[in-house]
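Single-structure report; data block below.
So you know, we letter chains A, B, ... as the sequences are listed, proteins then strands, and number each from 1. Side chains included, hydrogens not; waters and symmetry mates left out as well; all remaining heavy atoms used.
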There are 2 protein chains.
Amino acid sequence: MDEVAAAAGVSRATVSRVINNAPTVEAKIRERVQRAISATGYVVNSAARTLVTRRTGSVALVISEPEQREYDSSFLNRIFTDPFFGRITAGAQSALRPHDVHLVILPTDSSDHHQVVRYLRQGHVDGVLLISSHDEDPLPEQVHALGIPAVMSARPAAAIPASFVHTDQRLGARLAAEHLIRRGCTRLATVSGPLDMPAGQERLDGFRSFLQRRGLADVPCVEGDFTRAGGEDAARRLLAEHPGVDGLFVANDLMAEGAMLVLHDLGRRVPDDVAVIGFDDSSAALACRPPLTTVRQPVEEMAAEMAELLLAHIADPDRLPRSVSFQPTLVIRGSA
Amino acid sequence: MDEVAAAAGVSRATVSRVINNAPTVEAKIRERVQRAISATGYVVNSAARTLVTRRTGSVALVISEPEQREYDSSFLNRIFTDPFFGRITAGAQSALRPHDVHLVILPTDSSDHHQVVRYLRQGHVDGVLLISSHDEDPLPEQVHALGIPAVMSARPAAAIPASFVHTDQRLGARLAAEHLIRRGCTRLATVSGPLDMPAGQERLDGFRSFLQRRGLADVPCVEGDFTRAGGEDAARRLLAEHPGVDGLFVANDLMAEGAMLVLHDLGRRVPDDVAVIGFDDSSAALACRPPLTTVRQPVEEMAAEMAELLLAHIADPDRLPRSVSFQPTLVIRGSA
DNA sequence: CTGAAAGCGCTTACAG
DNA sequence: CTGAAAGCGCTTACAG
């Protein structure tokens, strides 16, 4: 920087001003400095800048899962190949990129929370996007206690004031139930997500309570784990106990893909013998044969909105928390 | 830090020493400082530390693709939901995590290279893991010119000295060809990857040249793009022109999944009518019915090795470049 | 083994 | 509009 200042015949302060586009620099000097910058190939040192501005230009995307049996590459593998998390990452990146803000992705389980908290406290990032899917997860409160700008992926279980985005899961499940009824299915069943996850619980509630109002109580349910293999297992068990099922709601697309595979193995035709509806509208939906009818969540847009909210909180720390809600929609394809 | 020093009755230098586990601190003092740290809740400021140590504790994972029609969320979406890149990320993370090194993922196309280069020059990271899949990609050379520690995902096209990892793609393709022949297939064909990518070209070469030696010349080939939808298209075209095909090698699993879908639509039984072999052994292989026989690349292990190599280069900038090679293996499942 | 001091490379009131 | 100077919060020779 001294070199640039010398080459341009100005002070370091002025060099700094042109780098940061301060309006108070005379055009001629600005140009002279710019030439000196190109000539010397100078670039700012981001650590030095961060030290004084208190801004890093990075945010963390924390993906918090319940404790894993083994925190290893199989956990990381599941996270990084999950189409849902992939869409979140893509949505967040696309919103952040224009602002030149970078994303550090931190998958974590509860055995690992302290590492994440330490990382955040060390000031590596300006804020955090927190994807927490379990009721009992203490991380949202811990992050909130840190006082660092944060946006959550759903209403936090704890009563903390924080911005979050939201989809009406119950409404989504109801859309699925309505469609199955409309199709004339009479023996409905569902593969739910994990019932200790709000997303799992709410989709089941929404599905069941709509059917109950239509006089259909006690719809069979087997709990799955939101993975494809888990969906296969759950569907196999469900179909073994309830072979007559003709309409199946599966709480996410990955499990639905597994369920379709099982139906195929069992020689059941979809949708003629069994109509199937998934949830998410992820890429897995198009990998099914027939293509999967599913409840769409605009995941990319939600993640982008989380990023925008976070940027706003970083720019103005006194900004009041707000939540923004997205509507699920039914995407009708071949499976129901 | 002053606060901690005062509370422990020592200098800041000593506080720094205990934080960094310098061996030359008396046990009693060390303990006193540690208590003061817990009492005050002190954590280091990473920007200040980086400014003096020249270490950030982060590395970049740069995923360089050819120029996109639109650099937007659909590009990011493809990258972040691609099982191959997901495995790379997981493998790199799992190797880096024990060293407390963080990963910032930078998908980029050629319109965007200057941003990546600027980011790297600003010193945000200690090194870069570069996934570059195109022959003409100038990024490996640019990164090398920066003088920042880097490890490549394959032998760089340019003659630059750099560490890289490698799988023998030709051998992998040959494994597929051998297996198809052994099965008794006589009318072979292939869906290749993009032929401007070494991985696409080499798999095709390996497949064809083995067959040629067996007297099978001019095996039909349609070029695909490594996506599932691209695999569907390519398979459809191939089968329209060559309906008699009884053995199909598809250059990655995602395209193979698409090809299997097309075969299903066409009423062809797999493997009885057509045997199908993929490449990668990604999660897509298990989403096929029947499950996909495929050439396994140990992608996670390769990415972990890249990370280890990078860490070694960061620790010792004078270390000589080396390459480490992995063997592909055939994983036999139901499709062939 | 410990401390005083210099220095990492920036930005930003403050004065002019 | 520009510059001299202080200061961001650490680490690390250097001296003792």
Side-chain angles (χ1 to χ4, degrees), chain A residues 1-37 40-58 100 118-126 148 314-315 317, chain B residues 1-37 40-58 100 118-126 148 314-315 317:
Chain A
M1 191 168 196
D2 275 318
E3 199 184 332
V4 175
V10 298
S11 70
R12 273 162 36 211
T14 299
V15 175
S16 175
R17 287 191 188 100
V18 349
I19 288 167
N20 295 298
N21 289 314
T24 67
V25 180
E26 212 169 275
K28 272 175 7 194
I29 297 203
R30 176 182 301 276
E31 205 181 309
R32 194 139 46 91
V33 172
Q34 233 122 30
R35 265 201 306 274
I37 288 173
T40 54
Y42 167 81
V43 301
V44 291
N45 175 311
S46 59
R49 174 181 278 178
T50 295
L51 186 57
V52 15
T53 60
R54 266 76 241 296
R55 280 291 166 72
T56 65
S58 300
D100 227 333
R118 183 162 50 85
Y119 182 80
L120 299 176
R121 292 189 62 205
Q122 285 181 160
H124 284 104
V125 294
D126 300 329
I148 180 178
I314 290 169
Chain B
M1 191 167 196
D2 275 317
E3 201 184 332
V4 175
V10 298
S11 70
R12 273 162 35 210
T14 299
V15 175
S16 175
R17 288 192 188 96
V18 349
I19 288 167
N20 296 298
N21 290 314
T24 67
V25 180
E26 211 168 278
K28 274 176 7 198
I29 297 204
R30 176 183 300 277
E31 204 181 311
R32 194 138 47 91
V33 172
Q34 233 122 30
R35 266 202 305 275
I37 288 173
T40 54
Y42 167 80
V43 300
V44 292
N45 175 312
S46 58
R49 172 181 281 179
T50 295
L51 186 56
V52 14
T53 60
R54 266 77 239 294
R55 280 291 166 74
T56 64
S58 299
D100 227 334
R118 185 163 49 86
Y119 182 80
L120 299 176
R121 292 190 62 205
Q122 286 179 161
H124 284 104
V125 294
D126 299 329
I148 179 178
I314 291 170

>> Need one value for A/D2: base, sugar-phosphate or nothing, where a base atom within 4.0 Å counts as base even if backbone is also close, heavy atoms only.
In response: nothing
>> As a test of reading the structure: which of C/dT2, C/dT11, D/dC10 is closest to the side chain of B/E26, going by heavy atoms?
In response: C/dT2
> Does the side chain of A/N45 pick up a donor-acceptor pair with the side chain of B/R121 at under 3.5 Å?
Replying inline: no
>> Measuring from the side chain of A/L51 (C-beta onward, heavy atoms only), which nucleotide among C/dA4, D/dG9, C/dT11 has the closest atom?
In response: D/dG9
> Which one, C/dC10, C/dT2, D/dC10, comes nearest to the side chain of B/T24?
Replying inline: C/dT2
>> Return whichever of B/T14 or B/V52 has its heavy-atom-nearest nucleotide of DNA chain C closer to the 5' end.
In response: B/T14
>> Output the rounded distance in Å from CE (A/M1) to C1' (D/dA5).
In response: 14 Å
>> From C-beta outward on B/I29, which listed nucleotide comes closest to its side chain: D/dT2, C/dT2, C/dC10?
In response: C/dT2
>> Rounded to whole Å, how long is the line connecting atom CZ of A/R12 with atom P of D/dA4?
In response: 10 Å
> Given D/dC14, C/dT12, D/dC10, which nucleotide is nearest the side-chain atoms of A/A13?
Replying inline: C/dT12
>> In this structure, how many angstroms lie between the P atom of C/dC14 and the CZ atom of A/R17, rounded?
In response: 14 Å
>> Taking any heavy-atom pair under 4.0 Å as a contact, classify A/R54: base, sugar-phosphate, or nothing.
In response: sugar-phosphate
>> Please report the distance, rounded to the nearest Å, between CD in A/Q122 and P in D/dC8.
In response: 20 Å
> Got a second to check how far B/T53's OG1 is from B/D126's CG, nearest 0.5 Å?
Replying inline: 8.0 Å
> Starting at CG of A/N45 and ending at P of C/dG7, how long is that distance when rounded to a whole Å?
Replying inline: 17 Å
> Where do B/T14 and B/E26 land on the side-chain contact (heavy atoms from CB on, under 4.5 Å) test, with the steps shown first?
Replying inline: CA-CA 10 Å; B/T14 299; B/E26 211 168 278; over 6 Å; no
>> Is the shortest side-chain heavy-atom distance between A/R49 and A/I19 below 4.5 Å?
In response: yes
> When the C1' atoms of D/dG16 and D/dT12 are considered, how many whole Å apart are they?
Replying inline: 16 Å
> Could you give the NZ-to-P distance, from B/K28 to C/dC1, as a whole number of Å?
Replying inline: 14 Å
> Heavy atoms, side chains only, cut-off 4.5 Å: are B/V4 and B/R12 in contact?
Replying inline: no
> NA contact type, B/V43, heavy-atom cut-off 4.0 Å: base, sugar-phosphate, or nothing?
Replying inline: sugar-phosphate
> Expressed in angstrom and rounded to an integer, what is the separation of A/H124 atom NE2 from D/dC10 atom C1'?
Replying inline: 13 Å
>> Rounded to whole Å, how long is the line connecting atom CG of B/N20 with atom P of D/dG9?
In response: 17 Å
>> Can you tell me the base-pairing partner of C/dA4? Count Watson-Crick or G-U wobble geometry only, both distances below 3.5 Å, and say none if there is no partner.
In response: none
